[in-house]
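Notes follow the structure.
Remember, predicted model here, so these are calculated numbers, not experimental data.
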Amino acid sequence: MNFFTKETKTALQAKEQALWLAFAPIAFQASKALRDMGVLKAVSDAGMQGATIDEILPKVNLSRYSLRVLLEAGLGMDMLLVNEKRYTLSKTGYFILNDELTRINMDFSHDVCYKAMYHLQDSLTENRPAGLQELGPWETIYQGLSILPEPARTSWFNFDHYYSDLAFPGVLPIVFEHKPKKLLDIGGNTGKWSMACAGYDKDVHVTIMDLPVQINVARQNINEAGLQDRVSFFETNILDESLPFAQGFDVIWMSQFLDCFSEEQIISILRRCREALNDGGSVFILEPFWDKQQFKSAAFCLQQTSLYFTAIANGNSQMYHTDEFYDCIRAAGLKVEMENHKVGLSYTLLRCVKA
């Protein structure tokens, strides 16, 4: 990965990038307005012929002034093109309007992160998620995930599930290669992975270990799926080392879970996972590492997501580089037996065993 090893811009290009960043919050809101208020759709419907402001106006609930300033902002953001006063959609505008990944990321940034990021500098200096106050009165976001105010709740779960769900079909055969009978799903969230496991292998019994507030959601989903005889629940706060840890598993699974914790906390969790394994058992970890991305844009998204953890989630975790993460694995008495860096959209699958 050589995305960040040398300067690639001229001085003029660098200054242009700096100016883009200076106006980034305004451009973001304008982009979302162009999308949500139907302007991009109206322009897109006009096709290659394009549409004038007078032709767009009847299709949107905006004054001529409001439409004009949005269209002109869209030109500056390379979302629109104009020729002879007729507007057409650029490639960037197309993706803002139609790309599911872009839509999910934009909604997450707006509904979960935007107001909270005002408190980023406080979070960095105070080592706490100072921006979380914009969403609720919790110490970490995990205590309130199932009761987040809308639309933040929907946007958070859409963001979380979109990435991991794409990886599930590819990793299930790997996880079940040796026919595990007892599987522990740590941080089971809404129960999606556990239900996928139960559907994949009729002989496996899954235990979901999570906070009580999350278990409540998972239990409801499991019951609705008729899997209550195949899936059990273990309520705990995994950060409290004084509490019991579920024991006796062939496989322990964690999907985009350990990035929710500091390095010290990761080591603590992995040590207890090691103790919970049956002989010959494996710990499977599914994580997106920013240094293992094929595209620079993917690395960028993960690096910026780290600041969500800083300002909102818990104040001490991030999307990790493999160097720091593998150090945690070794410190916990485990070793990486298998690694696959091409899982789903941007994930790495690790199989760890006792060292």
Inset, instruction - Group every Ile, Leu, Val, Met, Phe, Trp and Tyr by side-chain heavy-atom contacts under 4.5 Å, then state whether Leu57 and Val69 land in the same group. - result: no

Legend entry - Any side-chain heavy-atom pair of Glu100 and Tyr162 under 4.5 Å: yes

Legend entry - CG (Asp240) with more than 12 external heavy atoms under 6.0 Å: yes

Inset, instruction - List the steps and the verdict of salt bridge (Lys or Arg N to Asp or Glu O under 4.0 Å) for Arg64 and Asp54. - result: CA-CA 8 Å; Arg64 185 183 181 86; Asp54 290 320; 2.4 Å; yes

Inset, instruction - Measure from the ring center of Phe300 to the ring center of Phe3 and say whether it is less than 6.0 Å. - result: no

Legend entry - Pro129 and Thr310, any side-chain heavy atoms less than 4.5 Å apart: no

Legend entry - Side-chain donor/acceptor of Ser66 to backbone N/O of Leu62, under 3.5 Å: no

Inset, instruction - Enter the distance from Leu70:CG to Leu75:CG here, rounded to the nearest 0.5 Å. - result: 11.0 Å

Legend entry - Side-chain donor-acceptor contact under 3.5 Å, Asn314 with Ser317: yes

Inset, instruction - Start with the C-alpha distance between Ser268 and Glu264, add both sets of side-chain angles, then the distance that settles side-chain hydrogen bond (donor to acceptor under 3.5 Å, both in side chains), and finish with yes or no. - result: CA-CA 6 Å; Ser268 170; Glu264 294 79 8; over 6 Å; no

Legend entry - Main-chain N/O of Asn189 paired with Asp210 side-chain donor or acceptor, under 3.5 Å: yes

Inset, instruction - Check the side chains of Gln121 and His119 for a donor-acceptor pair under 3.5 angstrom, ignoring hydrogens and angles. - result: no

Inset, instruction - Apply side-chain contact (heavy atoms from CB on, under 4.5 Å) to Thr52 and Glu84, showing your working. - result: CA-CA 9 Å; Thr52 66; Glu84 297 181 355; over 6 Å; no

Inset, instruction - Look at atom CD of Glu139 and say whether more than 12 heavy atoms of other residues, nucleotides or ligands are closer to it than 6.0 Å. - result: no

Legend entry - Pair Asp78 + Lys91: basic N to acidic O under 4.0 Å: no

Legend entry - Neighbour count above 12 (heavy atom, 6.0 Å) for Lys342 NZ: no

Inset, instruction - Salt-bridge test for Glu55 and Arg86: reply yes if a basic N is under 4.0 Å from a carboxylate O, no otherwise. - result: yes

Inset, instruction - Would you list the pairs meeting ring-ring contact (aromatic ring centres under 6.0 Å, His included) in which at least one residue belongs to residues 187-230, sequence neighbours left out? - result: Phe168-Trp193, Phe176-Tyr200, Trp193-Trp253

Legend entry - Passing option when His321 is tested against Phe289, Tyr326, Phe4, Trp290 for ring pair (Phe, Tyr, Trp, His ring centres under 6.0 Å): Trp290

Inset, instruction - State, with a plain yes or no, whether a side-chain heavy atom of Ile266 is found less than 4.5 Å away from one of Asp259. - result: no

Inset, instruction - With sequence neighbours left out, write down each residue that passes salt bridge (charged side-chain N to carboxylate O under 4.0 Å, His left out) with Asp107, or none if nothing qualifies. - result: Arg35

Inset, instruction - Determine whether more than 12 heavy atoms belonging to other residues, nucleotides or ligands lie under 6.0 Å from atom CD of Gln294. - result: no

Inset, instruction - Determine whether Leu97 and Leu34 make a side-chain contact, defined as any pair of heavy atoms from C-beta on separated by less than 4.5 Å. - result: no

Inset, instruction - Return yes if some donor-acceptor pair links the side-chain N/O of Ser194 with the main-chain N/O of Gly191 below 3.5 Å, else return no. - result: no

Inset, instruction - Calculate, to the nearest 0.5 Å, the distance between atoms CG and CG belonging to Leu80 and Leu89 respectively. - result: 6.5 Å

Legend entry - Separation of Ile215 CD1 from Ser146 OG (nearest 0.5 Å): 11.0 Å

Inset, instruction - Begin from the C-alpha positions of Asn237 and Leu243 and carry the test side-chain contact (heavy atoms from CB on, under 4.5 Å) through to its verdict. - result: CA-CA 7 Å; Asn237 178 357; Leu243 296 176; 4.1 Å; yes

Inset, instruction - Starting from the C-alpha separation in whole Å, work towards a yes-or-no answer on side-chain hydrogen bond (donor to acceptor under 3.5 Å, both in side chains) for Ser155 and Asp111. - result: CA-CA 7 Å; Ser155 293; Asp111 299 333; 2.6 Å; yes

Inset, instruction - Not counting sequence neighbours, which residues clear side chain to side chain contact (heavy atoms under 4.5 Å, CB included) with Glu337? List them please. - result: Lys335, Arg351, Val353

Legend entry - Any residue meeting side chain to side chain contact (heavy atoms under 4.5 Å, CB included) with Ala218, in chain and number order, not counting sequence neighbours: Ile208, Phe233

Inset, instruction - For the pair Arg128 and Glu126, find out whether any cationic side-chain nitrogen is under 4.0 Å from an anionic carboxylate oxygen. - result: yes

Legend entry - Heavy-atom closest contact (Ala276 atom, Gln247 atom, distance): CA-OE1, 3.5 Å

Inset, instruction - State, with a plain yes or no, whether a side-chain heavy atom of Phe159 is found less than 4.5 Å away from one of Val112. - result: no

Legend entry - Within 6.0 Å of NZ in Lys115, more than 12 heavy atoms from elsewhere: no

Inset, instruction - Find out whether Asp160 and Phe108 are in side-chain contact, i.e. whether some heavy atom of one side chain is under 4.5 Å from a heavy atom of the other. - result: no

Legend entry - Where at least one partner belongs to residues 18-64, residue pairs that pass ring-ring contact (aromatic ring centres under 6.0 Å, His included), sequence neighbours excluded: Phe28-Tyr114

Inset, instruction - For Asp45, enumerate each residue passing the salt bridge (charged side-chain N to carboxylate O under 4.0 Å, His left out) test, keeping only those at least two apart in sequence or located in another chain. - result: Lys41

Legend entry - Test: Glu224 and Arg219 ion pair at under 4.0 Å: no

Inset, instruction - Return yes if some donor-acceptor pair links the side-chain N/O of Gln265 with the main-chain N/O of Ile269 below 3.5 Å, else return no. - result: no

